[in-house]
There are 2 protein chains.
Amino acid sequence: MDTKALLIEEAKNLFQQKGYKGVGLNEILKECEITKGALYHHFPNGKEELLISCLQSMQEEITTDIDMIFQQHSSTLTATKTLVDKLTAELDSGNKIAGYTFSSIVSEISSLSEPVRNACTALYEEIQKIYFKKLLNDGYPEEEAASLSLFMTVSIEGAMTLCLAKDSTLPLSNINAILPRLLKD
Amino acid sequence: MDTKALLIEEAKNLFQQKGYKGVGLNEILKECEITKGALYHHFPNGKEELLISCLQSMQEEITTDIDMIFQQHSSTLTATKTLVDKLTAELDSGNKIAGYTFSSIVSEISSLSEPVRNACTALYEEIQKIYFKKLLNDGYPEEEAASLSLFMTVSIEGAMTLCLAKDSTLPLSNINAILPRLLKD
DNA sequence: GTCTATAAGACGATAGAC
DNA sequence: GTCTATCGTCTTATAGAC
């Protein structure tokens, strides 16, 4: 792996775990076993430029993954259940935070720049779009699909936050107990 | 207002807006128009002790507020709708973040201490408990009330995160469109 | 109880050698 | 493309005067 990709990969993990402000450049550099010179060669604008690259990488990784799951299932209900199960399993194995939550970054948004906010909203919207299309495919009218897909995005994001706080997978797995009341079979 | 209370009040606002790591002591001190000496007199263990006091204050404020709303309505459905409406309105008026979200702090939890995590989980659990009791009162069986109350907590927290990211109140107000499908009238 | 002054270190960022 | 060395600023925290 080249240095730039390695840098994005390690920074991504650390930002997701500790938030943007919670991670120093030195920590990232140490993880990559490189020094400041290399970082500023690849990201002349420094830490924030690195963060935006991380958010873009996350967007690609997450949407690709969700997309694959949703293509493998006929209904939104079973696809979402599979997704939630996967997230639960990831959260369970290793105490590492699964790669899907970036609320750690979003929550600092008011002290960050406009490009960062844009990258975050883009991420949520791409996820929601996958749900939305699948719901249309299920036969839901457009307005209802919009509402449901937003609600799904909201619930899963909130569940991951609570899993993090409680150090438990219950908030996430509990979603699967509720979902059948919202989505048709 | 005495100095200690003022300190908690101002720090609470700043932590909610920018997260724990995002706020420096100097910023808090400037807002209160006091200096380091006063802060370390009231909080000998420094910033983290102040944070825990803030979380406790938030818990009291939030649960009291929710409790009051829930006492004024006969069903969980109408009470929750009123709560969500209030949160939406607060988020709308002024660009300040409403006082209910502390995901900005939770998300940094992995780089914070155990007492902080405990204060955060306590907060979520107190909120959930209010929903839980109201659901029992509505006639739901215990197991279902537990599941629904957790889901409500998750959804509202997630909605506030997305409102923050998108700079829109839609994620929150959308909850009220979905709720009637989950809770009986 | 609050102030000033200061310490010791981490922060992000830059310059220049190789 | 990566290194070392350094800069200025900001950070939390402490000591001691009042």
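Lettering of chains follows the sequences in order, A, B, ..., and the numbering in each one begins at 1. The analysis underlying the following values was restricted to heavy atoms, covering all of them including side chains, and did not include hydrogens, waters or symmetry mates.
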Between the side chain of B/Lys166 and the main-chain N/O of A/Cys120, is any donor-acceptor distance below 3.5 Å?
no

Double-helix bend of the helix from C/dG1-D/dC18 to C/dC18-D/dG1, axes at both ends from 5 pairs, round to 10°, gives 0°

Side-chain heavy atoms of B/Lys36 within contact of B/Asn26, under 4.5 Å
yes

How close or far is atom P of C/dG12 from atom NZ of A/Lys21, stated in whole angstroms?
10 Å

So B/Thr80 and B/His73, do their side chains get closer than 4.5 Å, heavy atoms only?
no

Under a 3.5 Å threshold, yes or no: a donor from one side chain and an acceptor from the other, between A/Thr3 and A/His42?
no

Heavy atoms under 4.0 Å, any strand shown: does B/Gly37 hit a base, just sugar-phosphate, or nothing?
base

From CZ of A/Phe43 over to P of C/dA13, roughly how many Å is that when rounded to an integer?
13 Å

Taking the six-membered ring of B/Tyr124, is the NZ or CZ of B/Lys129 close enough (under 6.0 Å from the centre) and on axis enough (within 45°)?
no

Quick check, are the ring centers of B/Phe151 and A/Phe151 under 6.0 angstrom apart?
yes

Are a donor atom and an acceptor atom from the side chains of A/Lys12 and A/Ser57 found within less than 3.5 Å of each other?
yes

Residue pair A/Ile34/B/Lys47 against DNA chain D: nearer the 5' end by closest nucleotide is A/Ile34

Expressed as a whole number of angstroms, how long is the span from A/Lys36:NZ to C/dA13:C1'?
8 Å

Between CD1 of A/Ile28 and P of C/dA13 the distance, given in whole Å, is 11 Å

Is it true that B/Ser75 and B/Asp138 share a donor-acceptor pair across their side chains at a distance under 3.5 Å?
no

Whole Å only: how far is the CG atom of A/Asn26 from the C1' atom of C/dG9?
12 Å

Walking along DNA chain D from 5' to 3', note the first and the last nucleotide with an atom under 4.0 Å from a heavy atom of chain B, and give both.
D/dT11 to D/dT14

